[in-house]
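Numbers here simply count residues along the sequence, with the first being 1.
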Amino acid sequence: MIWTLAVRVLGVLLAFLSTTVTARVLGPEEFGAWSAGLSLAMLFAALAPLGMDRVLVRQLSVLSDSVERAAELAITHVSALRFGSLLLVFGLFAGGICRLSGRNDWSEALWLASLLLIPLTLTWLRQWVAIPLLGTRLAVLPEQVLIPAGTICVLGTLQFLQLSLTATGAAVIFALLSLAVWTWTLIRSSLGNLYLLAYRGRAAASGDLSVRAAEGLRFVPMAVGPMLCQRITPLVVAICCGFEEIAHFSYALLITGIPAIPLGMLSLSLIPPLARMYRAGDTSGQQRLAENAATASLLIAAFLSVLILLTAPLIPLLLDSRYAPVPTLLPAL
């Protein structure tokens, strides 16, 4: 957990820097459109696997046969890509309807979400696969470090060259970086062979989709609920206040999400051992592990919250006067 937390802290630092660079390069209006599109894309990507990503990490935690693991991998990916394709068509269609009705801002947000949907879905599924097979630290390291680092390099270069960038351009850069990191991580790890085996058996896996989907649907609230809680408020802000205000809110939300990092990392780290304890009938071990994790999460979150509030006046110095409302949002968030 400590190693995973160290990677996550580095990832948060890079994410903070990449978001700051993105906000400076795009400006509040375009950054607001980017934030709205990313929020919609995350909701779609959380829904696409229909809860089977949670079933997958449980199965991979207890299965040892490569063929059985590949079958689980194929079932989940086939389902996610099929339903994700439907969400992609819906996003494009809804974006077209908004464009015809004169809501060009929401049309752009929906099209951005459609552009980001498949890369995000593949990225998150790879993380769920890697958690029980490679460990949580290696599972989150590529996306937590490589993607934001690449974003900083690309956008920093554009800013240095004084080239303008739109929300669509930022989405294209993010999508290409995500797909490149996804491909590189499969080639450079043992997951590549498992994915290849799953690809060869995808036709046979299609027959088991209905059974696995029925099991996975029970996990949809667990998969979508937290993402909905995080992402629905920025969308409401965009609807009620406009895309410039969502830029302020989204940046503040990024900062106030830092105290929740230990909880997220502990949750990911606990899934494989809890699955094994459940199978072994070790209820007391499960309870002790959960209690220790909850205590550690609360103490670290309290310390980080105080630190954020003390350093809040320095935040506008990282951006410019257009983002002055950000510190006033922090106490409530």
Side-chain angles (χ1 to χ4, degrees), residues 1-24 28 31-32 34-35 38-39 42 46 127 136-137 139-141 143-145 147-149 151-152 222 225-238 240-241 244-271 274 287-333:
M1 184 277 294
I2 293 175
W3 281 110
T4 302
L5 187 59
V7 171
R8 187 68 178 99
V9 169
L10 176 61
V12 168
L13 176 61
L14 291 174
F16 178 77
L17 292 175
S18 67
T19 303
T20 302
V21 173
T22 304
R24 288 182 62 91
F31 182 66
W34 156 255
S35 300
L38 183 61
S39 295
M42 288 183 170
Q127 284 188 348
T136 310
R137 176 173 59 89
V140 302
L141 189 148
E143 288 77 15
Q144 295 295 327
V145 175
I147 293 179
T151 302
I152 293 171
M222 182 188 301
M227 190 61 63
L228 191 64
C229 291
Q230 295 174 20
R231 293 295 167 175
I232 196 65
T233 309
L235 294 176
V236 172
V237 172
C240 299
C241 306
E244 186 170 350
E245 291 302 322
I246 193 182
H248 302 150
F249 187 87
S250 296
Y251 197 82
L253 199 64
L254 170 71
I255 298 171
T256 53
I258 293 175
I261 293 171
L263 176 61
M265 288 300 98
L266 282 168
S267 298
L268 293 176
S269 302
L270 294 180
I271 291 174
L274 286 175
Q287 182 176 354
R288 184 168 58 254
L289 189 59
E291 289 174 349
N292 291 339
T295 303
S297 298
L298 180 62
L299 294 176
I300 297 174
F303 169 77
L304 292 176
S305 297
V306 173
L307 184 63
I308 288 171
L309 292 177
L310 291 176
T311 57
L314 301 177
I315 293 173
L317 299 178
L318 297 173
L319 300 171
D320 56 42
S321 59
R322 294 177 296 176
Y323 290 90
V326 171
T328 63
L329 301 175
L330 298 181
L333 291 174

Would you give the length of the straight line joining atom [atom1] of [X] to atom [atom2] of [Y], rounded to the nearest 0.5 angstrom?
X	Y	atom1	atom2	result
Ile147	Leu14	CD1	CG	11.5 Å
Ile255	Leu309	CD1	CG	11.0 Å
Phe31	Ser250	CZ	OG	6.0 Å
Leu333	Ser305	CG	OG	11.5 Å
Ile152	Thr22	CD1	OG1	8.5 Å

Looking only at heavy atoms, which two atoms of [X] and [Y] are closest? And how far apart?
X	Y	answer
Pro259	Leu304	CA-CD1, 3.9 Å
Leu330	Ala312	CD1-CB, 3.6 Å
Ala15	Ser18	O-OG, 2.9 Å
Pro331	Thr328	CD-O, 3.7 Å

Cut-off 3.5 Å, side chains only: do Ser35 and Tyr251 have a donor facing an acceptor?
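Short answer, no.
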
Against Thr295, only a single residue in Leu299, Leu298, Asn292 fulfils side chain to side chain contact (heavy atoms under 4.5 Å, CB included); can you say which?
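Only one of Leu299, Leu298, Asn292 forms a side chain to side chain contact (heavy atoms under 4.5 Å, CB included) with Thr295, namely Leu299.
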
Exam field: side chain Thr311 to backbone Ile308, donor-acceptor pair closer than 3.5 Å
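Pair found, side chain donor or acceptor close to backbone of Ile308.
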
Student check: side-chain heavy atoms of Pro148 and Leu17 closer than 4.5 Å:
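No, every pair of side-chain atoms sits at 4.5 Å or beyond.
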
